[in-house]
**Q** 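Structure below; questions to follow.
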Amino acid sequence: MKILVPVKRVPDYETKIKINGEGTGVVTDGIKWIVNPFDEIAVEEAIKIRDAGTATEVVVVGIGPDDVAAQLRYAMAMGADRGIHVKTDEPVDSDGASRVIEAIYKKDEYGLVLMGKQAIDSDANQTGQLLAARLGVPQGCFVSKVEFADEKVTVTREVDGGLETIRLPLPCVLTTDLRLNEPRYASLPGIMQAKKKPMDEMSVADLGVDLTPKVRVLKMSPPPERQAGRKVESVEELVTALKDEAKVL
Amino acid sequence: MSDILVFLEQTDGSLPKASLTTAEAARQIKEAHGAGNLHALCLGKGSAKAAEAALSYGFATVYYSEDGAFDNYLAMAYAAAFEKALSESGASIGVAPATTTGKDFFPRVAAATAAGQASDIIAVNSDKSFRRPMFAGDVLADVEVTTDKKLITVRPTAFGEIAAAGGGGKTQELTGVSVPENAGEFVNLEESGGDRPELTAADVVISGGRALQSAENFEKYIYPLADVLNAAVGASRAAVDSGYAPNDWQVGQTGKVVAPELYIAIGISGAIQHLAGMKDSKVIVAINKDPDAPIFDLADYGLVADLYDVLPQLTEAIKSAKG
Ligand SMILES: Cc1cc2nc3c(=O)[nH]c(=O)nc-3n(C[C@H](O)[C@H](O)[C@H](O)COP(=O)(O)OP(=O)(O)OC[C@H]3O[C@@H](n4cnc5c(N)ncnc54)[C@H](O)[C@@H]3O)c2cc1C
C-alpha cells in the first residue's frame, strides 16, 4: 500500500499576521513558512505505518509556488520517500486543493490518504472531507489513534462528546488531530538524504484541474481589539469586582 | 428564490443550544435573501420528537429519520441523508453547526452538490457573503461563496438563539436514503461526560493550563471552583496533551470555541491559539504567577498569584459571595 500525504505550507504559528494595505490578503514578506502542523503529524503517522510494514511508500504532495519545494523536502527529510510538486501561483481554495489531490491520487495506486484536519492559515477544515467525497471513499476525521487489521483501519476520533471509534474499509482518507503523535524533527542525515529523493514537478494545467475558487476572499480586516482591564491585588478585590462591577456572580 | 435547509443536531428529541443558534444564522441568511423558506433535518433516535419541537421556530418542513442507519454518526450516511433532504426540499443553501459533526460531513455534501462552503461563519453579510475568522482569529475575512448551491457551517457561539415563530409547518419522514456500502462501521463512543454544563453552552467556564501539573490537581483545584459556579471546565492544549484533561475540553483555534458570560483562565499563558477559542467571552479573568503573561493583555481582571495559594481561597470567597 502506498500512502499519499498532502502537505501545505503555512506561516509559522508564532508569526504575528498582518493584513496588507488593500485588505486583500496577508503580508507574506519576511514570513517564516512551515509545514502545516497537522500535516506534519500526518507525515509522521505515514512514516510509522510504513516502518511497521503496513505500507510500502510515503508520497508527499504540495501545491503552490516554487518555494513550496522546501516544505516537501522537509517532509522527505522526516522520512517520506518522494515528493510531487504541483506548481501554481494562483490562490487555491479548499475545493481546488481537493481536486488537485484527487487528480494526483488517480495517477497511482494509493491505499490511504493521510492529511491534516485543518490548515492553520485558512482554518477551513474541509479539504480531507471534500477529497474523500470526490473519491467516493470513507473518511476518519480528527483522528488520535490509527490501527490496521484485516484490510481495515480502526480509528479513534476526537469529537465534541469525547472519543469515538469507527472501523473503515480501505482505501479511505484520514485527517489528523493533535494527539495522534509527536512528529520527529528532521535529522541532519535526513536532510542530506532528502536532497537526493525524487521530486516530480507538474503544473495544475498538466493535471487538467480548473482552480476557479468556489469561495473567494473579498476583504480581510483585523478583529476588534479587546481592551485590557486591570490587575487586582487580592482574591477579595477580585470577588468584589466580579460581584459589584461585572455583575457575573 | 432559494430555500434553505438547516441541519439540526438533536439528542433524544431535544435541540441543543448550538442547533438554535445555527437556525438563527440560517434565518438571517433567509432575511438577507428576502424570500424562500427555511427547512430542517434531524437524524437519529428521537429525531421525530425533535422535528416536532423544531416546528415552533417557523420551519416549513422538518425532515427526520429514525432509521437505524443514523443511530450512530457516520459521515457518509449523514451526508447522503442531507443530500436527499436537499433535493426533496429543493433548497439551494445548506446550513449546519461547526461542531465536530457539521465540520465532518458537510464538505462531503459540498463535493457532491458542486457547492462552495464557507466554514465557521461568525456573521452574515448578505445571502452570499459571510464573515469568518482565519489565522487563529488574527484575521476576519469576508468571503463570497460564488456557486449557486452554497453550504455554510456556523460558529454556534457567534449567534443568538432563534426566536419562536408561528407554526404552519409540517414534519416529514425522510425515506429512501441509500448509504454507500463502504461507509464503515461505528465501534463505540467513549463519552467524557460528567454532570457539568456543556462547554460551548455554559454561562461560566473555568479553564486550567499546563500549570495544573496533573489530572489530580484539576480535580483538587479547578473542579471545586467549577462546582460553586455551576461552570463547565475547559483546558489549554498543553493541559490536554499532558493528559490532565480530556481532549474535548480543549479550548482554542483547533479545539472548542466558547463565549460564556465569565471565563476564568488559570495557569494559562494566553497563546494566540488559545485566545482564538475564548476571546469573545464577556468577562475574562486570568490568574497567573507571571505578571507579563499575554493573557493579561485581554483579561478584564488579572490576578498575579500562585494558583495553588489562591484557588482554595477564591472558591471559598465565591461560595460566600453567592450566599
Ligand atoms: C497547530 C497548533 C494548534 C494549537 N491549538 C491550540 C488550541 O486549540 N488551544 C490551546 O490552548 N492551545 C493550542 N495550541 C498550543 C498553544 O500554542 C500553546 O502552546 C498552549 O496554549 C499553551 O498552554 P498553556 O498556556 O497551558 O501552557 P504555557 O504556555 O506553558 O503556560 C503556562 C502558564 O502557567 C503559568 N504558571 C505556571 N505555574 C503557575 C502557578 N503555580 N500559578 C499560576 N500560574 C502559573 C505560567 O506563568 C504560564 O503563563 C496550538 C498550537 C499549535 C502549534
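Labels below follow one simple rule: chain letters A, B, ... track the order of the sequence lines, proteins then strands, and each chain is numbered from 1.
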**Q** B/N72 versus chain A, heavy atoms under 4.5 Å apart: side chain, backbone, both or neither?
**A**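 The answer is neither part of B/N72.
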**Q** Does CD in A/E182 sit with more than 12 non-hydrogen atoms of other residues, nucleotides or ligands closer than 6.0 Å?
**A** no
**Q** Less than 4.5 Å to any heavy atom of chain A: does that hold for the side chain of B/I284, its backbone, both, or neither?
**A**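 Answer is both: backbone and side chain atoms of B/I284 are under 4.5 Å from chain A.
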**Q** Could you have a look at B/L298, B/V145, B/D280, B/T101 and say which one has the most heavy-atom pairs with chain A under 4.5 angstrom?
**A**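 Most heavy-atom pairs within the cutoff with chain A belong to B/L298.
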**Q** So which part of B/S129 gets closer than 4.5 Å to some heavy atom of chain A, the side chain, the backbone, both or neither?
**A**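 Contact with chain A: side chain only.
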**Q** Which atoms of B/Q250 are under 4.5 Å from chain A, going by heavy atoms: the side chain, the backbone, both sets, or neither?
**A** side chain
**Q** Does any backbone or side-chain atom of B/Q273 lie under 4.5 Å from a heavy atom of chain A? Answer side chain, backbone, both or neither.
**A**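 The answer is the side chain of B/Q273.
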**Q** Taking B/V240, B/L140, B/L262 one by one, which has the highest count of heavy-atom pairs under 4.5 Å against chain A?
**A** B/L140
**Q** With chain A as the partner, which of B/M134, B/E190, B/R108 has the greatest number of non-hydrogen pairs under 4.5 Å?
**A** B/R108
**Q** Quick one: pull up CZ in A/R99 and OG1 in A/T212 and give me the separation to the nearest 0.5 Å.
**A** 7.5 Å
**Q** Is B/K282 in contact with chain A via its backbone, its side chain, both, or neither, using a 4.5 Å heavy-atom distance?
**A**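 Contact with chain A: backbone only.
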**Q** Spell out the residues in residues 149-157 of chain A that have some non-hydrogen atom less than 4.5 Å away from a non-hydrogen atom of chain B, in order of number; otherwise answer 'none'.
**A** A/K152, A/R157
**Q** Less than 3.5 Å apart, which donor and acceptor atoms pair up between the side chains of residues 311-323 of chain B and the rest of the protein, not counting sequence neighbours?
**A**
unit_1 : atom_1 : unit_2 : atom_2 : d
B/T315 : OG1    : B/L311 : O      : 2.9
B/S320 : OG     : B/E316 : O      : 3.0
B/S320 : OG     : B/A317 : O      : 3.4

**Q** Measuring from A/L168:CG to B/N182:CG, what's the distance to the nearest 0.5 Å?
**A** 9.0 Å
**Q** What part of B/D120 gets within 4.5 angstrom of chain A, counting heavy atoms only: side chain, backbone, both, or neither?
**A**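 Nothing of B/D120, per the 4.5 Å heavy-atom cut-off to chain A.
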**Q** How about residues 17-35 of chain A versus chain B: which residues have heavy atoms under 4.5 Å apart?
**A**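 The list, in residue order, reads A/I17, A/I19, A/V26.
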**Q** With only heavy atoms counted, which part of B/V285 is less than 4.5 Å from chain A, the side chain, the backbone, both or neither?
**A** side chain
**Q** For chain A, find which of B/L199, B/T254, B/L229, B/T147 contributes the most heavy-atom pairs closer than 4.5 angstrom.
**A** B/T254
**Q** For B/Y73, is it the side chain, the backbone, both, or neither that has a heavy atom closer than 4.5 Å to a heavy atom of chain A?
**A** both
**Q** Under 4.5 Å from any heavy atom of chain A, what part of B/L303 do you find: side chain, backbone, both or neither?
**A** both
**Q** Give, as side chain, backbone, both or neither, the part of B/K279 having an atom under 4.5 angstrom from any heavy atom of chain A.
**A** both
**Q** Under a 4.5 Å heavy-atom cut-off, does chain A meet the side chain of B/A115, its backbone, both or neither?
**A** backbone
**Q** Which residues from residues 169-179 of chain A are near chain B, with near meaning under 4.5 Å between non-hydrogen atoms?
**A**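 Only A/P169, A/L178, A/R179 of residues 169-179 of chain A have a heavy atom under 4.5 Å from chain B.
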**Q** Between A/D123 and B/Q253, do the side chains contain an N or O donor and an N or O acceptor separated by less than 3.5 Å?
**A**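 Yes, a side-chain donor-acceptor pair sits under 3.5 Å.
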